[in-house]
Structures are given as C-alpha cells and as structure tokens.
Amino acid sequence: METSGLDLEQAALAQRDNLTTLQSHILAGERQHPGATGTFSWILSALSLSAKVISAKIRRARLMDVLGSVDNVNVQGERQQKLDVIANETLLRCLGKRTGVAIVASEENEEPLILRTSPGPDQRYCVLFDPLDGSSNLDTCGGVGTIFSILQHDPSVAPERSVLQPGARQVAAGYILYGSSTVFVFTAGAGVSMFVLDPSIGAFLKVADDVRIPASGKTYSLNEGNRPTFPAGYQRYLEYAQQNGYSSRYAGAMVADVHRILLQGGVFLYPPTKKAPDGKLRLMYEANPMAMIVEQAGGKAIAGKERILDLAPQTLHQRTSVVMGSPDEVAHVLRFL
Ligand code: AHG
Ligand code: MN
Ligand code: MN
C-alpha cells in the first residue's frame with residue numbers, strides 16, 4: 001500500500017511524545033551543576049532569542065527589501081550586507097541586556113564591546129560571534145548561519161585581552177544554520193545537541209543528543225577555484241582525493257558546509273591562498289567554535305599541523321587556515337601537509 005504524506009506526518013507527530021525545548025535542555029543542564037547561578041542559561045536564552053529573530057528576518061528579507069549590501073566596508077575589508085548589520089544589532093541587543101555578559105565581540109565590530117566595566121561576581125562571560133556567516137549567499141536563498149563562542153571573562157587582564165583566550169578554554173560554542181529549516185547546534189563541553197526551530201510554536205525542539213560525526217566520508221568541501229595558489233601539500237591531497245573517488249560539495253558558508261559534514265562525514269578545508277596567506281576564516285568566532293563542536297562530536301580540527309583549539313590568539317580578528325571534519329579524513333589531509 002502506498003504511504004501518503006498525511007500518514008507520514010501523523011506517524012512523525014505520534015513519535016513526538018517527549019518534546020524537549022532548547023530552554024528545558026538548558027535548565028536541565030543547569031540543574032546538573034549544583035552551584036549554578038543561572039547566568040550561563042540566561043545567556044544561552046539570549047542566543048536562542050536572537051536566532052529566532054534573525055531566522056524570521058532572513059525568511060522575510062526579500063519581502064522587506066533588506067537584501068543586498070549597505071554602503072559600508074567592515075573591519076575585515078568586506079562589504080557589509082544589510083542583514084549582516086541587522087543580525088549584528090539583534091545579537092548585541094539581546095546579549096547586551098544580560099548582566100552575566102561582561103564583553104561581546106563581533107566580526108562586524110572592530111573592537112570588543114565592553115558592556116560592564118566593573119565586573120561583579122555575575123559578569124562572568126565573554127561572547128564572541130559571527131552574526132551572519134556566508135552572507136554573500138543571502139541574495140540567492142543559499143544557506144547562512146550564526147556562529148558563537150562563549151569564554152569565561154578573565155577580570156585579571158585588560159578587557160581586550162580577556163577575549164583572546166585559546167579555543168580550548170571555550171565554555172560553550174555553537175552555530176545556527178538558517179537552511180531549509182533553522183537548526184541550533186550547541187555544546188557546553190559534554191557532547192553536541194541539535195535543535196530545530198518549529199516556527200508554528202516558536203520553539204527550538206531537540207532532535208538529537210550526543211551527535212557523533214561519521215569517522216570517515218568521501219567528500220571534501222573547499223573553494224577549488226583557489227587551487228592553483230594552495231600550498232603544495234593541499235594540492236597533493238586534492239589529487240589523492242580525486243584519484244580515490246571523492247565527491248566535492250561546497251556551499252560557500254562554513255556553517256552549512258560543516259553542518260553537512262557533521263551529519264554525513266567528510267572534510268572541510270580553507271587552506272592558505274595567495275590572497276589570504278594566513279587563511280581566510282577568523283580564529284576567534286569562526287574556527288574556534290566550529291572546532292569545538294567538531295571535536296565534541298568526535299572529529300578533528302587543525303590549522304596546518306596544529307590543533308585549532310590550541311592556537312594562542314594575538315588579535316580579535318586574526319585569520320587561520322582550517323581543516324576540520326571526520327577524524328579519518330582530517331588524518332588523510334594531514335599526511336600531505
Ligand atoms: P562571512 O560571510 O561571515 O564573511 O564568512 C564567509 C566565509 C565562510 O562562511 C565561507 O566558508 C567562506 O567565507 C567562503 O569563502 P570563499 O567565497 O572564498 O570560498
Ligand atoms: Mn563567517
Ligand atoms: Mn559574517
């Protein structure tokens with residue numbers, strides 16, 4: 001007998017007897033830490049709220065005439081899209097109200113924003129983010145994302161130094177993918193959980209706990225147009241991959257590319273190029289949080305031969321090369337470097 005669409009929907013609904021929202025997941029996590037004050041949960045709820053607002057704005061962008069760029073170039077030397085500005089303001093507004101946040105830093109702002117100059121016992125966190133990743137995909141309805149990294153604020157150093165901690169010290173990290181659905185992927189250092197926004201009730205519902213990346217996957221994801229200027233090792237890796245039946249997949253938004261690899265296996269690469277000799281991606285709010293997610297899911301993340309999470313940051317907007325994904329695939333790349 002043929003299965004109708006209605007049958008499929010009803011079967012799926014019947015299985016959803018144990019609904020866990022992102023909010024309840026966060027509160028359950030808080031209860032596992034006896035001394036928890038709720039500060040951290042309050043910050044996550046600001047990120048969840050931002051994600052809903054940004055998602056709604058992206059989905060209506062064409063209707064509201066907020067596609068395209070503004071007449072401004074950000075600190076990275078990149079032309080800002082209108083939605084880069086809107087997403088950045090949304091995050092700043094939502095996080096700025098949370099007293100637990102001492103400092104925020106964004107791809108779109110040259111300097112970190114010191115929100116609370118005299119941190120009390122409660123002003124304990126720095127939140128770094130890429131408000132919209134892959135924003136050049138916006139005009140064509142391609143996947144875009146938001147990436148965030150949460151560090152413990154270190155009041156013993158100058159505020160500008162407090163945000164410059166190695167990725168291994170991240171307390172939590174995550175990303176939101178605004179794709180065919182809006183997905184919130186998050187780790188607080190004890191595995192990776194995944195939530196999908198149900199727009200009909202306005203809540204992120206848990207769809208997976210303890211996400212594990214496949215150990216291998218014959219897919220590489222990189223901008224092959226840059227191949228002639230990659231260092232020789234990356235070019236040799238590409239020859240190896242192509243001789244061994246690999247497929248190429250590239251969305252042009254790190255969040256979308258890494259999300260696919262997290263679920264299906266493979267490797268994401270942004271090597272050094274002639275145009276970007278240190279790599280293009282930003283360490284503090286792109287590479288580090290994505291590396292934490294990938295490692296927490298059982299994958300690997302390297303820059304050259306070094307573990308990304310061990311890199312000692314010098315500046316907020318510094319760039320790095322990136323290779324991350326399934327552990328066996330990252331190991332293949334490493335053999336050629
Ligand atoms: P952003 O839109 O935040 O500046 O990031 C774009 C990044 C990243 O998402 C993506 O992987 C990469 O740039 C794509 O770069 P190319 O267009 O050079 O391939
Ligand atoms: Mn980005
Ligand atoms: Mn961005």
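Just so it is clear, the structure is predicted and the values come from calculations on it, not from any experiment. When a ligand or atom number is given, it counts from 1 through the structure's own listing order.
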| Criterion salt bridge (Lys or Arg N to Asp or Glu O under 4.0 Å) on Arg282 and Glu286, from CA distance to verdict | CA-CA 5 Å; Arg282 278 60 52 118; Glu286 290 180 319; 2.9 Å; yes

| request: Give the minimum heavy-atom separation between Gln314 and Leu164, together with the two atoms involved. | output: O-CD1, 3.3 Å

| query | Which protein N, O or S atoms sit under 2.8 Å from the Mn ion (ligand 2)? | reply | Asp130 OD2, Asp133 OD1, Glu286 OE2

| request: Report yes if some N/O of Asn226 lies less than 3.5 Å from some N/O of ligand 1; otherwise report no. | output: no

| Does any N or O atom in Gly134 lie less than 3.5 angstrom from one in ligand 1, N or O only? | yes

| task | Apply the ring pair (Phe, Tyr, Trp, His ring centres under 6.0 Å) test between Phe204 and each candidate in Phe186, Phe195, Phe184; give the one that qualifies. | result | Phe184

| With no hydrogens and no angle check, do the side chains of Ser135 and Asp84 hold a donor and an acceptor under 3.5 Å apart? | yes

Students should be able to answer this: which protein heavy-atom is nearest to [atom], and at what distance?
| atom | result |
| --- | --- |
| atom 11 (O) of ligand 1 | Met254 N, 3.2 Å |
| atom 18 (O) of ligand 1 | Tyr270 OH, 2.6 Å |
| atom 19 (O) of ligand 1 | Tyr250 OH, 2.5 Å |
| atom 17 (O) of ligand 1 | Lys280 NZ, 3.8 Å |
| atom 5 (O) of ligand 1 | Asp133 OD1, 3.2 Å |

Sidechain-backbone polar pair: [X] side chain, [Y] backbone, donor-acceptor under 3.5 Å:
| X | Y | value |
| --- | --- | --- |
| Ser106 | Glu108 | yes |
| Thr187 | Ile293 | no |
| Ser50 | Ala46 | yes |
| Lys218 | Gly245 | no |
| Thr90 | Ile86 | yes |

| query | Step by step, would you call Ser162 with Asp154 a side chain to side chain donor-acceptor pair (under 3.5 Å)? | reply | CA-CA 5 Å; Ser162 178; Asp154 179 357; 5.9 Å; no

| Yes or no on side chain to side chain donor-acceptor pair (under 3.5 Å) for Tyr237 and Glu329, after CA distance, side-chain angles and deciding distance? | CA-CA 10 Å; Tyr237 165 73; Glu329 303 306 334; 4.7 Å; no

| message | Looking only at the aromatic ring of each residue, does the gap between the centers of Tyr125 and Phe40 stay below 6.0 angstrom? | response | yes

Which atoms of ligand 1 have any heavy atom of [X] under 4.0 Å away?
| X | value |
| --- | --- |
| Asn223 | 16 (P), 18 (O), 19 (O) |
| Glu78 | 4 (O) |
| Arg282 | 1 (P), 3 (O), 4 (O), 5 (O) |
| Gly252 | 10 (C), 14 (C) |
| Glu286 | 3 (O), 5 (O) |
| Ser135 | 2 (O) |
| Asp130 | 3 (O) |

| said: Check for me whether Leu281 has a heavy atom closer than 4.0 Å to any atom of ligand 1. | reply: yes

| Test item, Leu132 contacting ligand 1 (heavy atom, 4.0 angstrom) | yes

| message | Taking the cut-offs as 6.0 angstrom to the six-membered ring centre and 45 degrees off its axis, would you call Arg335 and Tyr240 a cation-pi pair? | response | yes

| field | Gln81 contact mode with ligand 1 (heavy-atom cut-off under 4.0 Å) | value | neither

| Out of Val323, Thr320, Leu309, Asp310, which residue meets the side chain to side chain contact (heavy atoms under 4.5 Å, CB included) rule with Ile302? | Val323

